[in-house]
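I have placed the structure first, in the form of structure tokens, so that the comments after it can refer back to it.
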Amino acid sequence: MKAFTVSKAVTALMLVGLVLLPLYSHLTGNIFILTLFTRIIILALAAASLNLIMGFGGMMSFGHAAYLGIGGYAVGMLAQEGVGSGFIQFPVALAASAAYALVIGALSLRTRGVYFIMITLAFAQMAYYVASGLARYGGDDGLTVYQRSDFSGLINLSNRTQFYYLCLACLFGVIFLIWRIVNSRFGLVVQGLRSNEQRMQAIGFPAKRYQLVCFVISGTMCGLAGALLANNTDFVSPAVMYWTRSGDLMVMVILGGMGTLFGPIMGAVVFLLLEEFLSQITEYWALIMGPLLLLIVLFGRGGIMGALGRAGRG
């Protein structure tokens, strides 16, 4: 009970801090911290979507960043063609991400283990090279989004505070949806397939169908993060789909705690703050970050949420 209280208290403090961050930014005049945490929240949303299939479903996708790029390019390409309405851009971003996830899932779920990982990686790299070849939309140089999505005056995405709260609302909405999925009959079947797929099939559950639906939901959620990311940076490039970005998302999930509801948010906050801090100290920050994360993963079983549980029991 004590362990649960410790993790719950830390999670609550983190969530309250995220809600009150714009107030702190306004009072101190620190605009940078609001910009930084907007990016953190968007990538936390992407990490949470990966956690749905990796932490709860046992599907180790190494190409999840493809949906970030697809969602971002949907917004950027439509804006380039003169379609600036967010009511069109965002549904298209979600639909395109869902369609690509459906294709990837239908093929990759025929395999398992390292073969599953390699197929998801191959599809992500395919999306990366296709985007690099789109000369009309910037190619390797990327695509500048000159105007953010327009929601007919309901919300102004050019206003930093309003955009921050939109991203935060999307994150909370996705976390709530994941909670509902995980605790539903569908979610229990997906978790059962992670534990023992053969037994679940033996009692009559169509394993691939359940896993494919979960895979598509996860990709759609990540597409939402991509649409937000394009609006945040006013730019989208093939680099957002590169395999290293998928690796970053996996690290965030593992660091925070796989199979936990708020672990990916915690992991994203710690990972990106460490990245920002170390990059200001030295240009070789990755040489410090790598071993540090390795030590955390090796000795911090269960990630940050697991460490909080052990601290409470201690």
Side-chain angles (χ1 to χ4, degrees), residues 11 14-28 30-52 65 67-79 83-98 143-180 217-236 240 249 252 261-262 264-269 272-273:
T11 301
M14 177 188 68
L15 297 179
V16 170
L18 291 177
V19 171
L20 297 179
L21 186 73
L23 178 61
Y24 169 80
S25 174
H26 176 73
L27 292 176
T28 61
N30 188 345
I31 302 300
F32 173 74
I33 195 170
L34 188 60
T35 304
L36 173 62
F37 269 87
T38 300
R39 176 171 175 265
I40 289 174
I41 286 171
I42 293 170
L43 293 179
L45 195 163
S49 70
L50 175 59
N51 186 49
L52 176 61
Y67 312 118
L68 269 177
I70 290 171
Y73 266 98
V75 170
M77 291 166 70
L78 286 171
V83 181
S85 174
F87 295 113
I88 297 176
Q89 291 178 348
F90 274 66
V92 169
L94 297 181
S97 301
L143 175 64
T144 299
V145 182
Y146 290 102
Q147 185 175 359
R148 294 190 175 186
S149 301
D150 177 24
F151 286 94
S152 302
L154 295 177
I155 184 169
N156 180 11
L157 300 193
S158 297
N159 183 292
R160 290 189 180 91
T161 301
Q162 290 187 34
F163 183 61
Y164 175 88
Y165 278 122
L166 173 64
C167 295
L168 190 61
C170 289
L171 175 61
F172 287 168
V174 164
I175 292 297
F176 176 73
L177 180 57
I178 291 173
W179 175 76
R180 289 297 301 270
I217 292 172
S218 174
T220 306
M221 291 175 175
C222 195
L224 172 62
L228 293 171
L229 188 62
N231 277 282
N232 182 53
T233 58
D234 298 319
F235 180 78
V236 60
V240 78
L249 296 178
M252 291 174 198
L261 199 59
F262 294 101
I265 304 178
M266 195 85 68
V269 170
L272 293 170
L273 285 180

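When reading the values below, keep in mind they use all heavy atoms of this one structure, side chains included, and skip hydrogens, waters and symmetry mates. The residues of the chain are indexed from 1 along the displayed sequence. Since this is a predicted model, take the numbers as computed values, not measurements.
With contacts defined as side-chain heavy-atom distances shorter than 4.5 Å, the pair L68/L43 qualifies. In this structure the side chain of L224 reaches within 4.5 angstrom of the side chain of C170, judged on heavy atoms. I70 places none of its side-chain heavy atoms less than 4.5 Å from the side chain of Y73. The closest side-chain heavy-atom distance from Y24 to L34 is not below 4.5 Å. Under the 4.5 Å side-chain criterion, counting only non-hydrogen atoms from C-beta, I155 is in contact with L157.
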Side-chain atoms of residues 87-98: list all donor-acceptor pairs with protein atoms under 3.5 Å, sequence neighbours left out, distances to 0.1 Å.
from : atom 1 : to   : atom 2 : distance (Å)
Q89  : OE1    : S149 : OG     : 2.4
Q89  : NE2    : V83  : O      : 2.8
S97  : OG     : A93  : O      : 2.9

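Between the side chain of T144 and the backbone N or O of Y146, no donor-acceptor pair lies under 3.5 Å. Side chain of N231 to main chain of A227: a donor-acceptor pair is present (N/O by atom type, distance under 3.5 Å, no hydrogens or angles). Using a distance-only test at 3.5 Å, with no hydrogens or angles considered, a donor-acceptor pair links the side chain of Y164 to the main chain of L18. One N or O on the side chain of T233 and one on the backbone of L229 form a donor-acceptor pair closer than 3.5 Å.
Closest of all the heavy-atom pairs between S218 and S49 is OG-O, 2.5 Å. The two residues L45 and M221 have their closest heavy-atom pair at CD2-O, 3.3 Å.
Listed by first then second residue, pairs satisfying side-chain hydrogen bond (donor to acceptor under 3.5 Å, both in side chains) with a partner in residues 171-180 number zero, not counting sequence neighbours.
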